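Structure record follows, encoded as structure tokens.
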Amino acid sequence: MKLRSRITGTGSYAPKKVLTNYDLEKMVDTTDEWITERTGIKERRIASDSEAASDLAVQASKKALESAGIRPRKIDMIVTATVSGDMPVPSTASFVQSKLGARNAAAFDLNAACSGFLYGLAVADSFIKAGMFKTILLIGAEVLSRFTDWEDRSTCILFGDAAGAVIVEATEVDRGIMSTHLYSNGSMWDLLYLPGGGSKHPASKESIDNRVHYIKMKGNETFKVAVRTLEKLVVETLKANKMKPSDLSLLIPHQANLRIIQATAKRLKLPMDRVVVNLDKYGNTSAASIPMALDGAVRTGRLRKNDYVLLEAFGGGLTWASVLMKW
Ligand code: UT7
């Protein structure tokens, strides 16, 4: 029997503090109407001062472990997809490993921006198929609020803080990950980036004065490339599996903008009741958005055994990725 990988548990966590569009009206020159129409976002969550990415990640991971019925010691590897980790060194995954007591686990972070979780699923799938590991904890965790320019109305309305986690296990049953598709185009890096704090623009008084430690985005250009790229990606993914859009029970897209999600659904002729949307409540949480949405779908019974589900994402890098699974 062929070795496959399957998600056997999911969990998510969002900080308590809610920041609504009405709150943002008091901070920058914007309106609830503009944000709702252009993005679909109504509110987002903001981490407390004492919460870093690993704290969110641990909360989500505990729920994923519980739902999979697995003890931390059984985990072979922890991968955290994030662009807003606790520190540059060590990895956020290292903090998660320690806080969970997952003493047998390898640990590292992965940066593929908003596509990070799906890149992580491909990594987990590959390690399992290679026979190297059997049980992997994959997390998407972001505290983007710390890297958001709260004076820039074109970006500060978009992002939120959250974490989602899954347990990926080796299986011989005919369910689980069917295919993974990863792409990038680094020549378009300047559509979405965070220049400060790395080796190119290390922290200095000048870097702080120039506000380089915040996310920069050419929103409209990114939007257009995202729509075009994702429409092509979902069609290719189904074709690679000799499947039709009507075979899909659910589409779980990265939650960047409702209009991007609707365009992808339209390309597949999928009714919106087969598309998971939670950005109205959480905004764009980068690598956390897909595992959050997946956990929501599982816990509300929208995803059932043997359903075909397509996950897709697009983000900084540029990167884009998709995963097709039989649940
Ligand atoms: O997650 C990774 C991938 N990310 C994405 O895929 C995000 C892609 N981009 C987007 O979601 C959208 O481009 C945005 C929501 C960021 C912006 O929507 P848009 O329809 O592309 O607007 P725009 O940037 O073309 O701006 C239109 C107008 C501008 O005014 P003028 O130049 O027409 O006078 C902006 O200054 O809207 C103005 N504007 C705002 N007005 C009120 C920009 N931000 C705001 C705001 N409130 N918050």
Side-chain angles (χ1 to χ4, degrees), residues 19-44 81-84 111-119 140-145 147-162 164 182-186 188-194 214-234 252-265 267 275-280 282-293 311-322:
L19 185 75
T20 66
N21 291 350
Y22 298 105
D23 296 326
L24 283 163
E25 285 183 356
K26 293 174 204 142
M27 296 161 65
V28 288
D29 181 16
T30 192
T31 58
D32 168 57
E33 196 189 354
W34 192 95
I35 303 171
T36 307
E37 265 177 25
R38 301 285 177 127
T39 71
I41 300 166
K42 296 296 282 182
E43 57 187 49
R44 65 289 290 143
T82 186
V83 295
S84 53
N111 176 349
C114 299
S115 312
F117 180 78
L118 297 189
Y119 267 66
E142 303 282 11
V143 183
L144 297 174
S145 60
F147 303 94
T148 298
D149 186 344
W150 293 106
E151 293 180 12
D152 175 9
R153 70 174 183 172
S154 70
T155 55
C156 75
I157 57 154
L158 301 171
F159 303 114
D161 302 337
L182 310 182
Y183 299 94
S184 79
N185 182 352
M188 288 201 260
W189 66 272
D190 62 346
L191 291 192
L192 177 48
Y193 64 112
L194 197 170
Y214 297 124
I215 298 164
K216 318 280 177 195
M217 180 165 72
K218 293 179 185 157
N220 195 264
E221 269 181 71
T222 310
F223 183 96
K224 287 178 194 154
V225 184
V227 169
R228 228 185 303 132
T229 307
L230 289 171
E231 286 181 350
K232 200 165 155 237
L233 176 66
V234 291
I252 305 189
H254 167 52
Q255 309 283 311
N257 186 309
L258 184 59
R259 290 182 294 142
I260 298 176
I261 295 172
Q262 285 166 334
T264 312
R267 179 70 184 81
V275 182
V276 179
V277 175
N278 71 6
L279 88 178
D280 50 324
Y282 302 108
N284 179 349
T285 59
S286 190
S289 92
I290 291 180
M292 282 275 292
L311 319 178
E312 44 89 350
F314 178 91
L318 298 175
T319 57
W320 58 103
S322 62

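Quick caveat: nothing in here was measured; it's all calculated off a predicted structure. For ligands, and for the atoms within them, numbers begin at 1 and follow the listed sequence.
Considering backbone and side-chain N/O atoms, Gly219 comes within less than 3.5 Å of an N/O atom of ligand 1. Looking at Asn220 next to ligand 1, an N or O pair under 3.5 Å apart turns up. Residue Thr222 places no N or O, backbone or side chain, under 3.5 Å from any N or O of ligand 1.
Residue Ile260 touches ligand 1 through its side chain alone, judged by heavy-atom distances below 4.0 Å. Residue-level proximity to ligand 1 for Asn284 is carried by the side chain, the only part with a heavy atom below 4.0 angstrom.
Of the candidates Asp32, Thr319, Thr39, Asp29, it is Thr39 that places a heavy atom closest to atom 15 (C) of ligand 1.
Those atoms of ligand 1 that come under 4.0 Å of a heavy atom in Thr30, given as number and element, are 42 (C), 46 (C), 47 (N), 48 (N). Close approach of ligand 1 to Asn257 is summarised as follows: ligand atoms under 4.0 Å from at least one heavy atom of the residue are 10 (C), 11 (O), 12 (C), 15 (C). Shown in contact with Ile157 at under 4.0 Å from a heavy atom are these atoms of ligand 1, numbered in order with element: 48 (N). Near Leu192, the atoms of ligand 1 lying under 4.0 angstrom from a non-hydrogen atom of the residue are 2 (C).
Using a 3.5 Å distance cut-off with no hydrogens or angles, the side chains of Glu142 and Thr285 do not pair a donor with an acceptor.
The closest side-chain heavy-atom distance from Val227 to Phe314 is not below 4.5 Å.
Counting protein heavy atoms under 4.0 angstrom from atom 33 (O) of ligand 1 gives zero. At a distance under 4.0 Å, a protein heavy atom can be found next to atom 18 (O) of ligand 1. For atom 47 (N) of ligand 1, a protein heavy-atom neighbour is found at a distance under 4.0 Å.
Of the protein's non-hydrogen atoms, the one nearest atom 2 (C) of ligand 1 is Cys114 SG, 3.3 Å. Counting only heavy atoms of the protein, atom 27 (C) of ligand 1 lies nearest to Arg38 NH1, 3.6 Å. In this structure, the protein non-hydrogen atom closest to atom 3 (C) of ligand 1 is Phe314 O, 3.8 Å. The protein heavy atom nearest to atom 29 (C) of ligand 1 is Arg153 NH2, 4.8 Å. Looking from atom 39 (N) of ligand 1 to the surrounding protein, the closest heavy atom is Trp34 CZ2, 3.4 Å.
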(request) Apply salt bridge (Lys or Arg N to Asp or Glu O under 4.0 Å) to the pair Lys42 and Asp32, showing each step before the final yes or no. (result) CA-CA 7 Å; Lys42 296 296 282 182; Asp32 168 57; 3.2 Å; yes

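Residues forming a side chain to side chain contact (heavy atoms under 4.5 Å, CB included) with Leu158 (at least two apart in sequence, or on another chain): Thr39, Ile41, Met217.
Taking every heavy atom of both residues into account, Ser322 and Leu233 meet most closely at OG-CD1, 3.5 Å.
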